[in-house]
Each structure stands twice: as structure tokens, then as C-alpha cells.
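Below, all heavy atoms of this structure are taken into account, side chains as well, without hydrogens, waters or symmetry copies. Each chain gets a letter, A, B and so on, in the order the sequences are listed, and its residues count up from 1.
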Number of protein chains: 4
Amino acid sequence: MLKIGNHVFKSRLFLGTGKFPDLEVQQQAVEASGTEVLTFAVRRLNLENPDAPNFLERLDLKKFTLLPNTAGAATAEEAVRIARLAKASGLCDMIKVEVIGDSRTLLPDPIETLKATEILVREGFTVLPYTSDDPILARHLQEVGAHAVMPGASPIGSGLGLLNPHYIKFIIEEAKVPVIVDAGVGSPADAAAAMELGADGVLLNTAVAGAKDPVLMAEAMKLAIEAGRKGYLAGRIAKKRYASASSPLEGMVD
Amino acid sequence: MLKIGNHVFKSRLFLGTGKFPDLEVQQQAVEASGTEVLTFAVRRLNLENPDAPNFLERLDLKKFTLLPNTAGAATAEEAVRIARLAKASGLCDMIKVEVIGDSRTLLPDPIETLKATEILVREGFTVLPYTSDDPILARHLQEVGAHAVMPGASPIGSGLGLLNPHYIKFIIEEAKVPVIVDAGVGSPADAAAAMELGADGVLLNTAVAGAKDPVLMAEAMKLAIEAGRKGYLAGRIAKKRYASASSPLEGMVD
Amino acid sequence: MLKIGNHVFKSRLFLGTGKFPDLEVQQQAVEASGTEVLTFAVRRLNLENPDAPNFLERLDLKKFTLLPNTAGAATAEEAVRIARLAKASGLCDMIKVEVIGDSRTLLPDPIETLKATEILVREGFTVLPYTSDDPILARHLQEVGAHAVMPGASPIGSGLGLLNPHYIKFIIEEAKVPVIVDAGVGSPADAAAAMELGADGVLLNTAVAGAKDPVLMAEAMKLAIEAGRKGYLAGRIAKKRYASASSPLEGMVD
Amino acid sequence: MLKIGNHVFKSRLFLGTGKFPDLEVQQQAVEASGTEVLTFAVRRLNLENPDAPNFLERLDLKKFTLLPNTAGAATAEEAVRIARLAKASGLCDMIKVEVIGDSRTLLPDPIETLKATEILVREGFTVLPYTSDDPILARHLQEVGAHAVMPGASPIGSGLGLLNPHYIKFIIEEAKVPVIVDAGVGSPADAAAAMELGADGVLLNTAVAGAKDPVLMAEAMKLAIEAGRKGYLAGRIAKKRYASASSPLEGMVD
């Protein structure tokens with residue numbers, strides 16, 4: 001079971017709701033993924049105009065925990081404002097802090113992310129910051145009270161997978177809160193690899209929504225994350241430079 | 001469905017039976033894996049002495065297709081002799097040609113593997129040669145009638161995963177028979193990655209039998225192979241050097 | 001020519017002076033490397049006790065630009081204090097800010113590094129911060145006036161090479177000051193690869209001092225950095241998935 | 001010194017002569033590379049028509065050892081015929097066996113390459129077969145008398161570098177003749193990496209001829225191969241998962 005703040009989840013797959021070809025496919029993919037946590041940009045909700053078309057309208061929101069994110073914020077101040085807006089509208093106590101430092105790479109701003117996290121923790125939010133794979137920054141985020149850390153595998157939507165599994169592993173080895181690998185996962189093997197490092201969960205969006213068949217990919221990702229988790233728990237064999245016979249002809253145990 | 005010669009399989013996981021800590025664990029792992037194909041070295045059967053302890057005794061062999069291999073052979077001649085022995089004992093018409101060229105790397109001998117494959121096809125076997133990742137050799141093996149090709153991901157038992165996915169992909173792109181990735185897979189992510197290349201199946205042994213918890217790993221591998229297969233069919237997103245917003249704030253379809 | 005602050009260098013290899021087996025080897029390696037910049041921890045100088053043995057005593061310091069670093073500092077405050085000490089002793093106006101966040105990984109603390117850089121720039125130092133491969137942090141460091149940025153390839157002394165060339169490349173593409181790849185380089189190929197990304201220089205220490213033959217390795221690194229620089233300027237061929245004949249038999253230009 | 005058959009070379013860079021933008025650039029690049037061995041397809045020589053334009057006309061062929069190759073051959077028989085033609089025209093006793101199995105990947109045919117090598121060795125040629133990275137095949141080639149083996153790093157002209165350094169290393173560890181890495185090298189770092197594995201030399205063509213500035217790239221490659229060789233001889237540091245201080249503050253030797 002994955003525990004973040006007061007929330008407990010059986011599924012370790014967090015799913016973004018954007019970029020699907022249509023709402024029908026979105027709904028089916030959400031279902032196929034088995035996710036319990038839906039994420040979306042607060043700014044995409046027309047909070048001021050409840051009659052506008054709503055990209056979440058097909059989903060039975062009572063069945064999910066909502067994880068609104070602060071996408072669109074370039075500073076801690078903006079992120080805090082967006083988070084408060086989300087809370088005021090009764091969406092959720094959870095917030096994914098997303099303070100983007102650059103429009104080309106969409107990588108998070110370490111300084112502003114830390115500031116926003118500190119403020120929102122103090123205001124009582126359950127805070128999950130999207131962060132780089134910097135282990136020292138991940139520690140600082142935990143020191144100011146982050147309820148989970150969400151290091152990116154690679155740039156958002158890039159599908160490049162785990163560019164630096166080494167540092168993600170460092171984060172996991174020292175983490176006192178759940179580590180959710182976020183951004184850049186491209187395929188089921190990527191998701192499984194993240195889980196095999198010992199991650200507590202994976203957040204997906206483009207890899208599912210942008211696949212040729214998003215519903216089938218959602219199902220594939222669900223299986224991959226379970227596979228990676230079990231593989232982690234089962235304790236993989238060590239890597240060896242040379243071979244070792246799998247059909248040994250002497251000295252057999254069996 | 002995976003079709004090799006006259007055999008049809010729902011599962012795409014082939015499992016070796018050696019190296020398990022004991023026969024109880026072996027039996028449970030076989031079950032957890034969902035495999036329909038069990039592989040083992042003919043030489044490990046005491047064909048001359050039916051009363052000797054039998055490492056397959058716990059398995060209900062009627063439920064599986066047996067894929068005996070010619071491990072221990074260093075030449076085509078030896079492989080052919082072992083294969084005939086297996087057939088004579090009524091085990092199966094399928095044979096995995098395994099002619100090892102080197103005791104340190106356990107890599108297959110390309111010349112002898114091709115010779116043995118040609119002879120055994122002529123003798124009516126359903127032949128699955130264990131081969132290198134050489135696309136030209138894989139083509140020759142098909143030209144002489146191999147019913148599947150089994151390129152190694154890395155040395156047997158090494159757990160190094162796909163050392164050269166590029167050439168495995170070349171083999172798959174041109175193959176007219178199923179491609180079963182064999183040898184070297186270390187973790188569920190490796191297995192998923194092989195399937196995402198378009199492989200038709202994966203053969204595992206050490207990665208399962210040598211895990212701390214072989215039964216749980218067998219289950220993980222089962223899920224990973226399904227995940228990789230579905231991921232392949234679902235059509236993954238292209239890799240991009242830079243980012244693309246997963247929560248786009250304008251121009252949204254939905 | 002490499003220009004950092006008011007300093008101009010022909011060599012793009014910066015060399016650390018620690019960890020050599022003895023001072024004789026150190027001296028020869030420094031010479032073989034062709035370096036013009038020597039780096040060392042201020043704390044290792046016995047500034048209070050000028051009669052103590054001095055690990056720089058064999059080197060003709062007038063021939064080099066000295067780049068003292070603040071190793072041993074865990075906070076901006078400590079780094080600033082060490083830097084001032086170095087300046088007071090007349091060593092140099094250049095300082096490498098090194099604020100370590102963790103003794104196991106020796107990765108830099110992003111927050112404290114940025115603070116120390118800002119203060120030392122204001123005090124008139126020529127400041128080169130050792131930083132992570134985070135492109136947003138590298139930009140912030142430049143915004144507060146860093147004269148170069150020194151992203152780590154991998155943990156200090158690990159020899160793991162470029163763990164994330166992707167992000168180092170992002171830093172280089174946007175940099176307005178020289179980028180010196182620091183930490184983790186293990187071999188000449190690693191150094192060449194860093195330069196081929198477009199880095200302006202490479203800082204080495206363990207890879208040279210810890211080699212079996214440090215003097216020969218110093219020479220190898222010198223050549224590799226030149227090779228990588230020229231390779232970058234020469235414009236490498238694009239990578240292609242398939243082959244293209246190098247001995248084309250028709251349509252030849254020549 | 002590199003010794004192949006009766007030939008001794010100081011340079012470890014073999015250079016192909018095709019694909020240069022013009023003969024002027026070709027000549028300058030050959031010079032900048034410091035190569036002593038020039039390779040070219042026999043078929044590109046107009047052996048029947050000595051008055052036709054000659055792509056080697058700018059080069060002082062007395063200064064180089066010529067390594068004609070059998071490009072264009074798809075079978076051992078064709079390769080042998082081309083080799084005899086080269087010998088009859090007095091070009092050289094050295095021949096690079098190149099029997100291509102596939103026009104898309106230009107990978108060598110293992111069976112035909114072995115056959116051609118065996119025949120040409122018997123006929124007194126100094127034989128250097130272009131081969132895959134299969135260690136067992138490399139051993140067979142040596143058993144039939146190959147004077148060097150030339151495993152490909154990746155498909156000819158692809159620039160993908162060392163796709164499987166692991167198996168190239170296996171070849172080198174067991175080789176009794178020089179190992180020249182051939183095909184696929186894209187950049188100086190690739191060339192250095194091949195040499196650091198312990199290769200005896202590198203054959204280049206597209207990476208130099210196809211660079212934006214072929215002459216500068218030739219120089220870069222020359223330096224990289226020297227750097228990689230020296231790096232190999234100097235004994236690189238071991239890779240470590242975690243850090244080790246390069247400016248240790250206690251227990252210092254110096």
C-alpha cells in the first residue's frame with residue numbers, strides 16, 4: 001500500500017488527464033490503468049465559469065483522489081496562488097507543486113519549487129513537488145515537509161525514460177517519504193525500470209495519452225508497474241560480466 | 001497467439017527448469033509464471049536410468065510443451081546426437097539447439113549452430129536455435145528451416161539485459177518466424193523491453209530461479225511480458241529531445 | 001581560447017592536485033597534462049602554519065592559475081569564509097565554490113551553492129561554482145554572476161563518466177559563460193565525450209591521480225580533450241539507424 | 001607498434017578513402033590523420049581501364065600500406081575473386097575481407113566471411129576480415145589463420161559508435177592477433193572508447209569523410225586514438241557507485 005499524507009492507495013500509477021484524443025478515450029484509459037489518482041492543471045479548470053466545457057466531465061470524480069498541479073506557475077508565488085485557488089474550490093487537499101523554469105525543457109525550478117513547497121506545507125496542504133533528480137534538493141524538500149517527492153525521469157512528454165537512474169536511486173535510498181517518478185516515462189519498460197529502482201509509484205500522462213492506442217497502453221502500464229514493483233520486492237539477480245550456466249550439468253541443487 | 005511449428009501458445013514466457021533452490025519452489029514458480037513451455041538440458045535427464053531422482057518430477061508434464069535443449073554440445077554432431085536421444089525417449093518433437101562455443105561466455109557457435117539446425121530440420125524436428133544477435137546468421141537459420149530463432153540478449157545467466165537492442169530489432173524486423181529473446185534477461189524491465197522491440201516471446205531461467213523470491217519474480221516476469229507485448233501493440237510515443245507540455249494550456253483537443 | 005573572468009587559457013584541462021601517490025608523480029602529471037589551472041582545497045593549505053609540509057611545494061605556482069576550492073564547506077557561510085581566507089593569503093581571485101550536501105555522494109547543495117556564488121560575486125571574486133547538471137540551477141548561477149558553471153558528470157571520484165549528457169548539453173546550449181565539466185570523468189573517452197557536447201573545458205583529479213600510471217593518463221587526457229574539442233568544431237556525422245556504404249560503388253563524388 | 005602479418009605500423013588509425021567531398025580534402029584529411037594504412041574497394045579501381053579518373057590519384061601511394069577490400073561481394077567466391085584481382089594488379093598482399101549479407105544493415109555474412117578468410121589465407125594473403133562482434137566467430141577466423149580481426153562497432157556509416165562494447169571486449173581478451181574496430185565509429189569519443197577496451201586500432205571512413213570539416217575531424221580522430229591507447233595503457237580508475245573525495249582532508253599521502 002502506498003501512503004501519502006492521509007491518503008492510502010493500492011495502485012501505484014498516477015495518471016494525468018490531458019492530451020487524450022477525446023473524452024471517451026480518456027475515460028476508458030483511466031479505467032484500464034486502474035489508477036486511483038488523477039492529476040491535471042488547476043488552470044485548465046474553468047473555476048470562474050462552471051458552465052464551460054470541462055475536460056474532467058466524463059470521469060466519476062468521487063472514485064478518484066484528485067491531484068491538481070500548479071502548471072503555468074513560474075514562481076513560488078504563482079504556485080501558491082494556484083494551489084489556494086484549487087483548495088478554495090474544494091478540489092482536494094493534495095497539490096502537486098510544479099514550478100517550471102524553462103519553456104523548452106519544462107524542467108522544474110529548484111529554488112522556487114522549494115519555496116512553494118515550504119509555504120504550502122505550512123498552510124496545511126499535502127504537498128508533492130515535481131523536482132529534478134538532484135538528491136540534495138530532494139532531501140531539502142523533505143526537510144521542509146513535502147509528503148512525497150516526484151523526481152522527473154526526463155523532460156515532460158519527451159518519452160526518453162530514465163536518463164539518470166543512478167540519481168533517482170540515490171533519492172530513493174535516502175527518502176523518508178514516497179518517491180513517485182514523474183515525467184519522461186515513455187514505455188512500459190521505462191515504468192518497470194523506475195519501480196525496480198524502488199520507486200513507490202509512477203506518474204504518467206503523455207506516454208498513455210499520446211500512444212496510438214491509449215487504452216491498451218494504459219493497461220500495459222498498469223501491468224508494467226505491478227511487474228516492476230514485484231520485481232523489486234522479489235530481489236533480482238546480480239549482474240555478472242561473464243556467463244553462468246542455467247542448465248548446469250554438475251553440482252545441481254535439484 | 002504465438003505459433004511455432006505446429007504448437008500454439010497463449011503465454012509468451014518460456015521457462016527453464018534448472019537452478020531453483022528446490023523442487024517445491026520450482027513448481028510454484030512454474031505455476032506463477034503462467035508458462036506453457038518448459039525447457040531443460042536433455043543431458044540432465046537420466047534417460048538411461050529412469051529410477052534416478054528427476055528434477056522434473058514435481059511438474060505435471062502433460063500440462064506443458066517440453067523444449068529440451070542440447071546444452072553440453074560443442075559441435076553440431078553432438079547436438080544432433082542429443083536431439084535424437086531426446087526424440088527417442090518420446091519427450092517432444094521440439095528441440096532447442098544450443099551449441100556453446102566458449103565456456104566463459106557460453107555464447108553460441110554460429111557455424112555449428114547453423115549446421116545442427118539444418119540437419120535437425122531435415123530430420124523432422126521443430127527446431128529453435130539459440131543464436132547470437134547477428135541478423136545475417138538469423139536469416140541463414142531461417143533459410144535452412146528454423147521454426148523460430150532465439151537470439152541472446154547477453155551471456156546466459158549474466159542478468160545484463162539487452163546489450164544490443166539495435167540488432168535484436170533488426171532480427172525482428174526481418175524475421176519470418178517467431179523471435180524468442182533468450183539468455184541474459186535480468187529483470188522484468190528487461191523482459192518488457194525485449195517485448196517492446198516486437199519479440200514474440202522471452203525465455204527465462206536464471207533471472208527467475210536465482211531471484212531472492214523466485215515465485216514472486218516469476219509472477220513479475222509474467223506481468224512484464226504481457227506489459228511489453230501490449231506496449232508494443234499499443235504503439236509508444238516517439239522520443240523527443242525536448243519537452244512537450246502534458247497539461248497544455250491552449251489548443252487543447254479536449 | 002578559453003576566457004573566464006579576466007583569465008585566458010589555451011589548455012581546456014583543469015587539474016586537481018590531490019590524491020597523487022607522491023609529489024614527484026604529481027609534478028610530472030601536471031606537466032604532462034599541459035594544464036594551466038591547478039585546483040586544490042583551501043583547507044589543505046596550512047595557511048596558519050607556513051612551515052608545515054605543503055602538497056604544492058614541487059610546483060612552480062607562478063606558471064599556473066590557481067583555482068582554490070571551498071571543499072569542506074557544507075553551507076554558503078562556510079564556503080564564503082573559506083574563500084575569503086584564500087583571498088587574504090593572496091592565492092588568487094578565482095574561487096571554485098564547492099558546497100557539499102552529502103558525504104556519501106558528495107553532490108553539491110543547490111541552495112547553498114547559489115547563495116555562496118551570489119555573495120562571492122558581489123565581493124569581487126571570479127566565481128566558478130561546482131553544480132549539479134540541473135539546467136535551471138545553472139541559469140540561476142549565471143544570473144547572480146557566476147563566471148563559469150561546473151556541472152558534475154557523476155559523483156566525485158566515481159569514474160562513472162557522463163551519467164546524463166542530455167542535461168549537460170541543455171546547460172551548454174543556453175550558457176552565456178564557459179561550462180567546465182567537473183567530477184566523475186573516468187577515462188579519456190569520457191573527457192572527449194564531454195568536449196564533444198560543446199563543453200569549454202573539463203576538470204579532472206581522481207581519473208588522473210588514481211590511474212595506475214598517472215603521468216601517462218595525464219597525457220592521454222590532454223590528447224582526449226583536444227580531440228573532443230576538435231571533434232566538436234569539426235561537426236560530427238549524424239547518427240543513423242541503418243547503414244550507409246562507405247565505399248559506394250556508384251554515384252561517387254570523387 | 002602494431003604488427004599485422006609482416007607489416008608494422010606506428011599509427012593505429014586505418015582510413016578509408018571514399019566519400020570525401022573532393023580529392024583535395026581527401027588528401028589533406030589523409031595527411032592530418034597520420035594514417036599509414038589506406039583502405040578502399042577494389043571494385044572502385046578501374047583496373048581494366050588505367051586511364052579512367054582515379055580516386056586515389058592525389059595520394060602518394062608509396063607512403064602508405066594499401067588495404068584493398070572486397071566490398072561488393074555477397075559470397076566467399078566473389079570475395080576471393082576480387083582479392084585475386086587486387087593481388088594480380090600488384091596492389092598489396094593485404095586484403096580486407098568484406099562479404100556483406102544485407103544491403104540495409106551492411107552487416108557481414110559470418111559463414112561466407114569465414115570461408116573467404118580460410119581460402120585467402122591458404123593463398124598467401126595477409127587477411128583482415130570485417131566481422132560481427134561475435135567472439136566465437138572471431139575465434140574461428142583466427143583458427144583459419146586471419147592476421148587480424150575487424151569487428152564492427154555498429155553498421156557501416158551509421159555513426160552509432162560501440163553498440164556492444166561488452167562483446168568487443170570479449171574478442172579482445174581472447175585475441176591472438178590484432179583487433180581493429182571497424183565500422184560505425186561516429187566521433188572521437190567513440191574511437192577513444194574502442195581503444196580503451198584494448199583494441200589495437202580503429203578503421204574510420206564516414207566519420208571523417210562525412211564530417212562538416214573532414215580535415216579537422218581527421219586530426220581529432222588521430223588524437224583520440226592516441227588518447228584511448230594511452231588511457232588503456234595507463235590503467236583507468238575503477239568505477240564506483242558512490243563518491244570518493246578528490247580533495248581528502250585527512251589521511252593524505254602527499
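- Atom CG in A/Asp109 sits 8.5 Å away from atom CG in C/Leu137 (nearest 0.5 Å).
- Judged purely by atom type and a 3.5 angstrom limit, A/Arg139 uses its side chain to pair as donor or acceptor with the backbone of C/Gly101.
- Contacts of C/Asp134 with chain A are made by side-chain atoms alone, with heavy-atom separations under 4.5 Å and no backbone atom involved.
- The stretch residues 174-199 of chain A places A/Glu174 near chain C, each with some heavy atom under 4.5 Å from a heavy atom of that chain.
- In this structure, C/Lys3 places its NZ atom where more than 12 heavy-atom neighbours from other residues, nucleotides or ligands lie under 6.0 Å away.
- Heavy atoms only, all atoms of each residue included: C/Pro108 and A/Ile136 are closest at O-CG1, 3.5 Å.
- Remark: the C/Asn164 side chain and the A/His166 side chain contain no N/O donor-acceptor pair separated by less than 3.5 Å.
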Candidate pair A/Tyr167 and C/Thr105, rule side-chain contact (heavy atoms from CB on, under 4.5 Å), full reasoning: CA-CA 9 Å; A/Tyr167 286 8; C/Thr105 64; over 6 Å; no
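- Taken from CZ in C/Phe170 to CG in A/Asp102, the straight-line distance is 8.5 Å, to the nearest 0.5 Å.
- A/Glu173 touches chain C through its side chain: at least one heavy atom from C-beta onward sits under 4.5 Å away, while N, CA, C and O do not.
- Listed in order of number, the residues of residues 114-131 of chain A that approach chain C to under 4.5 Å between heavy atoms are A/Leu114.
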